[in-house]
Amino acid sequence: MLSLTATTLKSSLFTQSKTHGFSNTRPVYPKPFTTITAALIPASNRQAPPKLQLYQPFRPPPSPIPPKFRSLDTAGKIEVLADRLGLWFEYAPLISSLYTEGFTPPSIEELTGLSGVEQNRLIVGAQVRDSLVQSGAKPELIAAFDTGGAELLYEIRLLNTTQRIAAAEYIVDHDFDTKGAQDLARAIKDYPHRRGDVGWEDFDYNLPGDCLSFMLYRKSREYRSPSEIRTTLLEQALETAVTEKAKKAVTRELHGESEEERAKEEEIKIIRVPVVRLRFGEVAGASSVVVLPVCKAEEGEEKLLEAPMEFESGGEFGVVEAEKDWSRWVVLPGWEPVVAVRKGGVAVSFRDDREVLPWNGKEEAIMVVIDREKKTVEADNGYYYLVVAEGGMKLDRGSVLKEKGVNESLGMVVLVVRPPRDDDDDWQINDEDWD
């Protein structure tokens, strides 16, 4: 490497000139010039850039075998398994170790007395236990399975980590045997696939007790009423149910409906408002569509009255023209109830259906199509109407409004539209199915 050193030299020169016979001497300062010298720096003084270690050596995963068993040879492993030396989850990994050495389940059974089924149960049970430890389960919960826990943990192998912890706690709290643990795991795993069954929405999927109660509740419906088996299953379902909603559903099935519940069902049967769930791509594939102005429920009556009353499409391209400017519009398929609204149609959006609809909500936004031309409230036609409420607007039944002395509303409910959703196969709800 070269080291450069610069030295600047300056010099003064004088020039002499004659002006009008006088001698004039003045200095002249030329531009300074620089001399450069170079010196070699020894290579030993250079600092090499740090080297990046691109290669990372392979590090095998930690051995599942406890430290006290890792130094055992094949004969030692077989002896531990044959004499069951230690806790079950400690010597269970030795079985897999023998598999890698070429042993088969029958040969291990011959040497240790552990059948192939027992070997599999021990291996899987130990893996489930490890997952509980890694997921941060309470030490006392883990310790509850130290003795004879392989059979119980094996039954919850198909559940995810969160479900395993909840199921393990339920098994310990209720002192379940292998059959009880198996039924509980099946109930938790089966519950999501029973969507749409009678009573499904009355039970909480996040609670193992409710899942088990629903399984018993569903089985009871396979037997005639009254019957001893049916009654026994319902009593067990009532005992295991956790939420009040689940208990009410089981009680209703066990003892029958009350007069109030029966009257409510009869009232629901005559409701004439269709409820539909919009499907993905349905608007694009529709042969005809309807365009409606949209109001937010929280904006109140004033905003609803400002919405255009008349709007129609025309021309070769079906351009929609309204009597006034409006910022929010929605396009819906040409469903018959919506097409029938010739004038005064408007869509009112609600953030949460539970705060609006008189039936069980699904915790989602909805859009309600209103016919503002039909404001007169009728008591016996089974329709609902849009009325002013605290903080916005709400829906109310005609008979209820009549009892309150209300004869005029903001408009009659024509259709309730739910947003599209992937996990809802039952995209359309009949007029009678408002539960």
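Sequence positions, counted from 1, serve as the residue numbers for this chain. Side-chain atoms are counted along with the backbone in the values below, which use heavy atoms only and exclude waters and symmetry mates.
The side-chain heavy atoms of Val294 and Ser327, taken from C-beta on, include no pair separated by under 4.5 Å.
A donor-acceptor contact shorter than 3.5 Å is absent between the side chain of Arg418 and the backbone of Arg277. No donor-acceptor distance shorter than 3.5 angstrom exists from the side chain of Ser213 to the backbone of Gly209, with no hydrogens or angles considered. Glu90 contributes a side-chain N or O that, together with a main-chain N or O of Leu87, makes up a donor-acceptor pair within less than 3.5 Å. In terms of modelled atom types and a separation under 3.5 Å, the side chain of Asp83 and the main chain of Leu85 share no donor-acceptor contact. Although no hydrogens or angles enter the test, the distance criterion places a donor-acceptor pair under 3.5 Å between the side chain of Trp326 and the main chain of Arg328. Checking side-chain atoms of Ser220 against main-chain N and O of Leu233 turns up no donor-acceptor pair under 3.5 Å. Under the 3.5 Å distance criterion, the side-chain polar atoms of Arg164 are matched with a main-chain donor or acceptor of Leu159. Under the 3.5 Å distance criterion, the side-chain polar atoms of Gln119 are matched with a main-chain donor or acceptor of Leu114.
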Working for salt bridge (charged side-chain N to carboxylate O under 4.0 Å, His left out), residues Lys247 and Asp202: CA-CA 9 Å; Lys247 291 179 180 179; Asp202 294 326; over 6 Å; no

From CA spacing to verdict: salt bridge (charged side-chain N to carboxylate O under 4.0 Å, His left out), Asp146, Arg129: CA-CA 10 Å; Asp146 285 354; Arg129 183 185 181 277; 3.8 Å; yes

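Taking the centre and axis of the six-membered ring of Trp200, the NZ or CZ atom of Lys245 falls outside the cone set by 45° and 6.0 Å.
Residues Phe203 and Tyr217 bring their aromatic ring centres within 6.0 Å.
Each salt bridge (charged side-chain N to carboxylate O under 4.0 Å, His left out) pair with one or both residues in residues 289-302, not counting sequence neighbours, appears once here: Glu298-Arg351.
Across Ile123 and Ser96, no two heavy atoms sit closer than the pair CD1-OG, 3.7 Å. Taking both residues in full, the closest heavy atoms of Thr147 and Trp88 are given as N-NE1, 4.3 Å, listed atom of the first, atom of the second, then distance. Taking both residues in full, the closest heavy atoms of Leu415 and Val338 are given as CD2-CG2, 3.5 Å, listed atom of the first, atom of the second, then distance.
Side-chain contact check for Glu155 and Thr178: no donor-acceptor pair (N or O, by modelled atom type) lies under 3.5 Å. With hydrogens and angles left out, the side-chain atoms of Glu118 and Ser115 include a donor and acceptor closer than 3.5 Å. In summary, the side chains of Glu378 and Tyr385 do not present any donor paired with an acceptor at a separation below 3.5 Å, with no hydrogens or angles considered. Residues Tyr223 and Glu228 bring no donor and acceptor atom of their side chains to less than 3.5 Å of each other. Side chains of Thr243 and Asp210: a donor-acceptor N/O pair is present below 3.5 angstrom, by distance only.
The ring-ring contact (aromatic ring centres under 6.0 Å, His included) test applied to Phe350 returns no partner, not counting sequence neighbours. The salt bridge (Lys or Arg N to Asp or Glu O under 4.0 Å) check on Asp190 picks up Arg194, Arg218, with sequence neighbours excluded.
Ring pair His174/Phe176 is tilted by interplanar angle, where 30° to 60° counts as tilted. Using a 30° and 60° split on the angle between ring planes, Phe214 and Tyr191 fall in the perpendicular class, above 60°.
Remark: of the listed residues Val242, Leu212, Thr240, Val242 is the sole one forming a side chain to side chain contact (heavy atoms under 4.5 Å, CB included) with Leu207.
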